[in-house]
A.B. asks: 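First the structure, then my questions, so here it is.
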Amino acid sequence: MATNLQKATWEAMKLIPKGRVTTYSAIARYLDSKATRVVASAVGKNPYAPTVPCHRVVLSSGKIGNYSGGNGVSTKIALLAKEGVVVSNGKIVDFATRLWEFEL
DNA sequence: AGCGTGACGAACT
DNA sequence: TAGTTCGCCACGC
């Protein structure tokens, strides 16, 4: 069963345009919540795997973070690379430019 | 009902 | 600058 916060998390992620990334804290802020962990947990569960581009969610520090699927982080990096987001040493290149902020 | 844990973040030391 | 601690919401024991 999904809670409102989780559903909202998935809805928010679907708003992320291709070639852009966002952070867990950005989503939490968009949901008007401080529970970044719930967001991370929701993304990790991700029942809407192909519908929700969970690989576009990274850490606020610009790092990739984690990933549950394929070969883990490697797969996440590959998916991002296919969308034009370059990742070097587990970190987003030009993170500030690639970062997407939700419109309130 | 309480405790520990989780694809995290920000503050503190 | 790096490592540690607390906070947050949800879930399982």
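Letters A, B, ... mirror the listed sequences (proteins, then strands); counts begin at 1. Bear in mind the structure is a predicted one, so any value in this text is a computation, not a measurement.
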A.B. asks: Tell me: CG of A/N46 to P of B/dA7, nearest whole Å?
C.D. replies: 14 Å
A.B. asks: Count the heavy atoms belonging to other residues, nucleotides or ligands that lie under 6.0 Å from OH of A/Y48, then report whether that count exceeds 12.
C.D. replies: no
A.B. asks: Which residue, A/T36 or A/N4, contacts DNA chain C at a nucleotide closer to its 5' end, judged by nearest heavy atom?
C.D. replies: A/T36
A.B. asks: State yes or no: do A/I64 and A/V57 share one hydrophobic cluster built from I, L, V, M, F, W and Y residues joined by side-chain heavy-atom distances below 4.5 Å, directly or via other members?
C.D. replies: no
A.B. asks: Provide, to the nearest angstrom, the distance between the CH2 atom belonging to A/W10 and the C1' atom belonging to C/dA10.
C.D. replies: 12 Å
A.B. asks: Please state how far atom OH in A/Y30 lies from atom C1' in B/dG9, giving the value in whole angstrom units.
C.D. replies: 21 Å
A.B. asks: Using a cut-off of strictly less than 4.0 Å between a heavy atom of the residue and any atom of DNA chain B, enumerate the qualifying residues of residues 51-74 of chain A by number.
C.D. replies: A/C54, A/L59, A/S60, A/N66, A/Y67, A/S68
A.B. asks: Polar atom pairs between nucleotides 1-5 of chain C and protein, under 3.5 Å, N or O only, would you list them?
C.D. replies:
none

A.B. asks: Give a yes or no on whether A/L15 and A/L31 share a hydrophobic cluster (residues Ile, Leu, Val, Met, Phe, Trp, Tyr; joining criterion: side-chain heavy atoms under 4.5 Å apart).
C.D. replies: yes
A.B. asks: Determine the Euclidean distance between corresponding P atoms of C/dT1 and B/dC8; express it in Å to zero decimal places.
C.D. replies: 23 Å
A.B. asks: When you measure from the side chain of A/K76 to the backbone of A/N66, do you find a donor-acceptor pair of N or O atoms at a distance under 3.5 Å?
C.D. replies: yes
A.B. asks: Quote, to the nearest angstrom, the P distance that separates B/dA7 from C/dA2.
C.D. replies: 24 Å
A.B. asks: Check every atom of B/dG9, B/dG6, C/dC9 against the side chain of A/S41 and return the nucleotide holding the closest atom.
C.D. replies: B/dG6
A.B. asks: In this structure, how many angstroms lie between the P atom of C/dC9 and the CG atom of A/L31, rounded?
C.D. replies: 12 Å
A.B. asks: Does one hydrophobic cluster hold both A/W10 and A/I16, with members joined at side-chain heavy-atom distances below 4.5 Å?
C.D. replies: yes
A.B. asks: Are A/L99 and A/L104 linked, directly or through intermediate hydrophobic residues, by side-chain heavy-atom contacts shorter than 4.5 Å (ILVMFWY only)?
C.D. replies: no
A.B. asks: Please state how far atom NZ in A/K45 lies from atom P in B/dA7, giving the value in whole angstrom units.
C.D. replies: 9 Å
A.B. asks: Hydrophobic clusters here meaning ILVMFWY residues chained together by side-chain heavy-atom distances under 4.5 Å, can you tell me if A/L5 and A/F102 are in one?
C.D. replies: yes
A.B. asks: Give the minimum heavy-atom separation between A/L59 and A/Y24, together with the two atoms involved.
C.D. replies: CD2-CE1, 3.8 Å
A.B. asks: Counting side-chain heavy atoms from C-beta on, which of B/dG6, C/dC11, B/dC8 comes nearest to A/T3?
C.D. replies: C/dC11
A.B. asks: Report the distance from atom OH of A/Y24 to atom P of B/dA10, rounded to the nearest whole Å.
C.D. replies: 14 Å
A.B. asks: Roughly, in whole Å, what's the span from CE in A/M13 to P in B/dA7?
C.D. replies: 14 Å
A.B. asks: For residues A/N4 and A/K7, determine if any side-chain heavy atom of one lies less than 4.5 Å from a side-chain heavy atom of the other.
C.D. replies: yes
A.B. asks: Could you give the CD1-to-P distance, from A/I27 to C/dC8, as a whole number of Å?
C.D. replies: 20 Å
